[in-house]
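Here the structure is laid out as structure tokens; the discussion comes afterwards.
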Amino acid sequence: MIDIDKQTERQRAKAKTRKRMHVEIDQENYEYKPADKPIDYYDNDTQQNVGIYVRVSTDDVRQTTSFELQKQYYEEFVIQHPHWKLIKIYADEGISGTSLKHRDAFNEMIADGKAAKLSLIITKSVSRFARNVVDCIGLVRDLAEQKPPVGVFFESECIFSLNDESQMALTFQATMAEEESHTRSRSMETSLRMRLDHGIPLTPKLLGYTHDENGNLIINPDEAPTVKLAFYMYLYGYSSQQIADTLNTLGRKSYLGNVNWTSNGVVQVLRNERHCGDVVTRKTYTVSYRTHKSAKNRGERPQSTYHKHHEGIVSRDDFIAVQRMLDNAKYKNKSFLPELRVIDSGILKGFVVINPRWAGFKEGDYFNASQSAYEEAEKEAPAPVQNEVQIEVEAGDFDLRGFEITRSEFFDSVNRPCITFSNNQIMLNTECVRKLGEKNNIELLINPIERKFAIRTTTPTNRQAVICSKVSQKIYYTKPIPSAAFQNTVFSLFGWNTECKYRIIGSRYEKDNEIAYIFDAANSEAFFKSYVLSNQEATEAGTVSIQPYTPSGKRIRAIPKEWTNSFGKPYYLHEQTLSALDKQSELDWKIRMEGQLYETGKKINVTPFDELRRYIKKELNGVMPQEKKTNE
């Protein structure tokens, strides 16, 4: 049923609306002002302050021709418009358009536009303006929002940025320009890979060499002595800064042709493998075609090495030796080549002398060095089985089978000698350093086969000596030993987690004023942050009967799982161990042993010391700089 009243009401509302829309304007009391005429590139009657942008992406001679022709063309182009005023031609030569970095003229033009010095910017194409979508669209919109707005005209595409209808076309063209740059980058990458991996490595200009007509590196007799002098001085013991100062004094020129040597400049010479006749390809790579930022190649790109590619200025062995010295120099260890020495007898048999600042040796080097101290029979003999120990008890003696010598770690470990590995540092506890006293120059040793770590006292003149304590008011306090270069190797040899810190209880050995501490990593305690535990482990830690971890300050202390099944070592096995130690001869107990030099891999035949000195004296005309001390 139709509701007559509602229908009538709707009709009345519609009539009222129509009447309101047909209002008669009182012309005597009404004024209309039209909007300003919009800026249009095609309107020659409008006054325009014009900026021209010109860019070529390379320094090629043919590009230079294009560069000059573009400038001439647009100068004439502006003259043809009587109401246009040419403010400036902004030109970037040899600059890529994928980034705003180094585009000084472009950035100046944008700044002038925002400062109202320009009202119109003209460029050949979108790709000349920018090859990055974000930069192109973002800058065009920023200019359009200025008061008054600044328009950009792209001649090839016939796009004027202040026309609303041009936005889609501009976005599409900017995307195409960026993708074109991406395609070219991939093409260049493919071409480079084929060249580098198929016997045609790149050999740019290098100090000490020139190129023959075929582009091969040949020694430059005028520059080669400078390279050789730098290598020999570093092998001799001079720092890179001392070498730089010497080369500046001698007036030796760098590969750029100037006399302004720096420490970093010397290191670059020493790091370049081409000086020993090798070529390593793709040491760096471009991360992104947009930013052009380069990064060191750590396996992200393939790499090829060409040995004996050309004649070397220095020997490969000298080059390798210098690299090891440079690697160690990062950890304040300078002036001498690292070496491995292994103790072949005595209480420290199988221990390898280490230096916490050495980065060149790896896990296999330490393991092989330690193994070399044992006889073949020892290497092949199976480990003794503890439960096969024969025990004889005399009549009337108390039978102590089943009794255990309780682990001291379960009680007060503060008064026990221990060593801690954490945060790229090694630290002895107070008990150790107080007992060592003024003998705080120590040497570090490791036995990866027995998984033991040791320290022994030494003299300050020892190259491997480190200071383990500091004194205040005649009291010795523990001092951290930096070990950033070596600590990852220790953790790997002992099978430790790098996210934890570890503490090992040790034993003290002393003979004829010689002191050593030996720490068994098999019974090490780990300390880790609580977040390492899973939620279930964390919530149940207080409810289960046995857990191999307990709170310890801000960390959680974890003990070896096997400790939860016993209090310590069986009494008779413990006694047998002490008896074996007592039976050792004085020679076996000897702590202070030099150790045998262990060669890792192929022996490096470094240029002899005397020959280094003779060459340096000849090049310096007999005047030697201040020589460095070998123990820093």
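Along the sequence shown, residues carry numbers from 1.
- Minimum interatomic distance between Asp278 and His310 (heavy atoms only, all atoms of both residues): O-CE1, 3.7 Å.
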- Task: Determine, stepwise, if the pair Ile442 / Ile481 fulfils side chain to side chain contact (heavy atoms under 4.5 Å, CB included).
- Result: CA-CA 11 Å; Ile442 64 170; Ile481 303 170; 4.0 Å; yes
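- For Glu363, the side-chain hydrogen bond (donor to acceptor under 3.5 Å, both in side chains) partners at least two apart in sequence or on another chain are Ser492.
- Counting all heavy atoms, side chain and backbone alike, Met233 lies closest to Ile616 at CA-CD1, 3.7 Å.
- For Tyr476, the ring pair (Phe, Tyr, Trp, His ring centres under 6.0 Å) criterion is met by no residue, not counting sequence neighbours.
- For the atom pair Met427 CE and Ser483 OG, the distance stands at 10.5 Å (nearest 0.5 Å).
- With hydrogens and angles disregarded, no donor-acceptor distance shorter than 3.5 Å links the side chain of Asn423 to the backbone of Gln425.
- Under the 4.5 Å side-chain criterion, counting only non-hydrogen atoms from C-beta, Ile426 is in contact with Gln487.
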- Could you go through the side chain to side chain contact (heavy atoms under 4.5 Å, CB included) check for Ile347 and Ile518 one step at a time? CA-CA 10 Å; Ile347 197 171; Ile518 299 179; 4.3 Å; yes
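- In this structure, OG1 in Thr607 is found 8.5 Å from CG in Asp317, a value given to the nearest 0.5 Å.
- With sequence neighbours excluded, the residues satisfying ring pair (Phe, Tyr, Trp, His ring centres under 6.0 Å) with Tyr502 are Phe491, Trp496.
- In this structure, the side chains of Glu611 and Leu235 stay at 4.5 Å or more apart for every pair of heavy atoms.
- Annotation: salt bridge (charged side-chain N to carboxylate O under 4.0 Å, His left out) contacts of Arg614 (sequence neighbours excluded): none.
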Donor-acceptor pairs are to be reported for all side-chain atoms of residues 445-455 against protein atoms at under 3.5 Å, with residues two or more places apart or in another chain.
unit_1: Asn447; atom_1: OD1; unit_2: Ser370; atom_2: OG; d: 3.2
unit_1: Asn447; atom_1: OD1; unit_2: Ile449; atom_2: N; d: 3.1
unit_1: Asn447; atom_1: OD1; unit_2: Glu450; atom_2: N; d: 3.0
unit_1: Asn447; atom_1: ND2; unit_2: Lys349; atom_2: O; d: 3.3
unit_1: Asn447; atom_1: ND2; unit_2: Tyr374; atom_2: OH; d: 3.0
unit_1: Glu450; atom_1: OE2; unit_2: Tyr374; atom_2: OH; d: 3.1
unit_1: Arg451; atom_1: NH2; unit_2: Phe494; atom_2: O; d: 2.5

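- Counting heavy atoms from C-beta on, the side chains of Thr246 and Trp261 never come closer than 4.5 Å.
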- Item | Full working for side chain to side chain contact (heavy atoms under 4.5 Å, CB included) between Arg434 and Ile475 | CA-CA 8 Å; Arg434 297 274 170 89; Ile475 299 177; 3.5 Å; yes
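- Looking at heavy atoms from C-beta onward, Leu436 lies in side-chain contact with Leu428 at the 4.5 angstrom threshold.
- Annotation: salt bridge (charged side-chain N to carboxylate O under 4.0 Å, His left out) contacts of Asp245 (sequence neighbours excluded): none.
- Nearest heavy atoms, Tyr209 versus Glu223: N-OE1, 4.0 Å.
- The side-chain heavy atoms of Arg456 and Ile343, taken from C-beta on, include a pair separated by under 4.5 Å.
- Side-chain contact between Gln464 and Thr458: absent, with no pair of heavy atoms (C-beta onward) separated by less than 4.5 Å.
- In summary, Arg341 and Glu443 do not engage in a salt bridge, as defined by a charged side-chain N under 4.0 Å from a carboxylate O.
- Residues Glu619 and Arg252 approach most closely at OE1-NH2, 2.8 Å, considering heavy atoms.
- Side-chain contact check for Thr420 versus Asn429: every heavy-atom pair is 4.5 Å or farther apart.
- A 4.5 Å side-chain heavy-atom check between Leu444 and Phe486 finds every atom pair outside the cut-off.
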- Show your working on side chain to side chain contact (heavy atoms under 4.5 Å, CB included) between Arg508 and Ile515 and close with a plain yes or no. CA-CA 7 Å; Arg508 174 187 171 94; Ile515 303 173; 3.6 Å; yes
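- Across all non-hydrogen atoms, the minimal contact from Ser315 to Cys276 is O-CB, 3.9 Å.
- Taking every heavy atom of both residues into account, Val433 and Tyr477 meet most closely at CG2-C, 4.1 Å.
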